[in-house]
> 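Before anything else, here's the structure in question.
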Amino acid sequence: QLQLVESGGGLVQSGGSLRLSCALSGFNADYYVIGWFRQAPGKEREGVACINNIGGRTKYADSVKGRFTISRDNAKKMVYLQMNSLKPEDTAVYYCTGDRSLDYVCDGRPFYWGQGTQVTVSS
């Protein structure tokens with residue numbers, strides 16, 4: 001069992017920065033691979049970034065590479081997504097996700113999902 005709670009979304013101007021947080025809870029929460037997905041109305045779900053349980057391996061979508069950074073602090077049971085140089089096309093609901101498999105989180109459909117947090121980037 002894994003519980004995920006996102007926070008940190010909001011309204012920001014193009015070129016600005018925002019940091020999303022994901023609080024993990026449940027048995028052995030630090031064992032899970034964690035990822036960030038996003039979805040805008042009428043658009044397909046997109047995997048943004050993922051990180052393994054230890055934190056030494058990460059992967060990013062080409063659309064955010066060089067601008068976004070995923071990290072985790074297992075002592076605090078927290079995962080973060082630092083978003084810099086934001087663009088209007090980054091506007092979406094961002095979800096924190098988790099699973100035991102790198103394949104599911106980074107390349108597929110993870111089992112656990114948070115409630116989501118809205119990110120809006122204005123031009």
Side-chain angles (χ1 to χ4, degrees):
Q1 284 288 328
L2 177 65
Q3 305 297 128
L4 308 167
V5 180
E6 306 97 327
S7 63
L11 175 64
V12 65
Q13 292 189 174
S14 181
S17 297
L18 208 60
R19 189 180 78 161
L20 305 183
S21 299
C22 178
L24 315 179
S25 63
F27 184 70
N28 289 333
D30 56 337
Y31 287 1
Y32 288 87
V33 178
I34 303 297
W36 289 94
F37 282 71
R38 66 185 182 186
Q39 188 163 33
K43 296 183 179 180
E44 191 173 336
R45 169 180 59 83
E46 178 186 22
V48 176
C50 59
I51 187 167
N52 72 336
N53 58 343
I54 303 300
R57 183 177 177 180
T58 59
K59 185 178 180 181
Y60 299 92
D62 289 339
S63 59
V64 306
K65 195 172 298 181
R67 300 188 297 120
F68 291 10
T69 302
I70 187 171
S71 62
R72 70 190 298 165
D73 185 339
N74 285 343
K76 297 180 178 179
K77 296 184 178 180
M78 296 290 292
V79 178
Y80 307 99
L81 184 67
Q82 179 66 47
M83 305 184 294
N84 298 326
S85 302
L86 284 162
K87 306 174 181 179
E89 50 263 46
D90 294 318
T91 296
V93 176
Y94 284 71
Y95 297 91
C96 185
T97 68
D99 211 310
R100 297 294 186 100
S101 171
L102 282 167
D103 292 335
Y104 289 153
V105 175
C106 298
D107 303 311
R109 299 180 179 179
F111 184 79
Y112 296 101
W113 291 71
Q115 294 296 315
T117 185
Q118 177 71 48
V119 172
T120 303
V121 184
S122 64
S123 59

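Position 1 is the first residue of the sequence, and the numbers go up from there.
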> To the nearest 0.5 Å, what is the distance between NZ (Lys87) and OG (Ser123)?
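If we round to the nearest 0.5 Å, Lys87:NZ and Ser123:OG are 14.0 Å apart.
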> Can you check whether Gln115's main-chain N or O pairs, donor with acceptor, with Glu6's side chain at less than 3.5 Å?
yes
> According to a 4.5 Å side-chain heavy-atom criterion applied to Ile, Leu, Val, Met, Phe, Trp and Tyr, with indirect links allowed, do Val121 and Phe37 form part of one hydrophobic cluster?
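No, Val121 does not connect to Phe37 through the hydrophobic network.
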> Taking all non-hydrogen atoms of both residues into account, name the closest pair between Ala92 and Ala40 and its distance.
CB-N, 4.0 Å
> Look at the side chain of Thr97 and the backbone N and O of Gly35, then say whether any donor-acceptor pair between them is shorter than 3.5 Å.
yes
> When rounded to the nearest 0.5 angstrom, what is the spacing between CE in Met83 and CG in Leu18?
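Rounded to the nearest 0.5 Å, the CE-CG separation comes to 4.5 Å.
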> For a side chain to side chain contact (heavy atoms under 4.5 Å, CB included) check, start with the C-alpha distance between Arg109 and Arg45, then their side-chain angles and the critical distance, and finish with the verdict.
CA-CA 10 Å; Arg109 299 180 179 179; Arg45 169 180 59 83; 3.2 Å; yes
> Of all the heavy-atom pairs spanning Asp90 and Ser85, show the shortest one and how long it is.
OD2-O, 4.5 Å
> Does the side chain to side chain contact (heavy atoms under 4.5 Å, CB included) test come out yes or no for Phe68 and Trp36, once each step is laid out?
CA-CA 11 Å; Phe68 291 10; Trp36 289 94; over 6 Å; no
> Hey, mind stepping through Ser21 and Met78 against side chain to side chain contact (heavy atoms under 4.5 Å, CB included) and telling me if it holds?
CA-CA 7 Å; Ser21 299; Met78 296 290 292; 3.7 Å; yes
> Could you state the interatomic distance from CG (Asn28) to CZ (Arg100), rounded to the nearest 0.5 Å?
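So the gap between those two atoms works out to 6.5 Å.
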> Please tell me whether Leu81 and Val12 are part of a single hydrophobic cluster in this structure, the criterion being side-chain heavy atoms less than 4.5 Å apart.
yes
> Nearest 0.5 Å please: distance from the OG1 atom of Thr91 over to the CD atom of Gln118.
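Between atom OG1 of Thr91 and atom CD of Gln118 there are 7.5 Å.
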> Let me check something: do Tyr104 and Phe111 share a hydrophobic cluster, defined by ILVMFWY side-chain heavy atoms less than 4.5 Å apart, either directly or through other members?
no
> Apply side chain to side chain contact (heavy atoms under 4.5 Å, CB included) to Lys77 and list each qualifying residue two or more places apart in sequence or on a separate chain.
Leu24
> Do NZ/NE/NH1/NH2 and the carboxylate oxygens of Asp30 and Arg72 come within less than 4.0 Å?
no
> Look at the side chain of Tyr80 and the backbone N and O of Thr69, then say whether any donor-acceptor pair between them is shorter than 3.5 Å.
no
> Compute the centroid of each ring, for Tyr95 and then for Trp113, and state whether the two points are separated by less than 6.0 Å.
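Yes, they do, as the ring centres are separated by less than 6.0 Å.
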> Distance from Ile51 atom CD1 to Lys59 atom NZ, nearest 0.5 Å?
14.5 Å
> Between the side chain of Arg57 and the main-chain N/O of Asn52, is any donor-acceptor distance below 3.5 Å?
no
> Where do Leu20 and Gly9 come nearest, in terms of heavy atoms and distance?
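Reported closest heavy-atom pair: CD2-N, 3.6 Å.
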> Quick check: is Val48 connected to Val79 through a chain of hydrophobic side chains (ILVMFWY, heavy atoms under 4.5 Å apart)?
yes
> What's the shortest heavy-atom distance between Gln3 and Gln1, and which atoms?
OE1-OE1, 3.8 Å
> Have Glu46 and Ser63 got a donor and an acceptor in their side chains that come within less than 3.5 Å?
yes
> Determine, for Asp62 against Lys65, whether the closest basic-nitrogen to carboxylate-oxygen distance falls under 4.0 angstrom.
yes
> Through direct or indirect side-chain contacts below 4.5 angstrom among Ile, Leu, Val, Met, Phe, Trp and Tyr, which residues connect to Val105?
Val33, Leu102
> Say whether Val119 and Ile34 are linked into one hydrophobic cluster, either directly or through other cluster members, by side-chain heavy-atom distances under 4.5 angstrom.
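Yes, because Val119 and Ile34 connect within a single hydrophobic cluster, where side-chain heavy atoms sit under 4.5 Å apart.
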> With rounding to the nearest 0.5 Å, note down the distance linking OH in Tyr32 to OG in Ser101.
12.5 Å
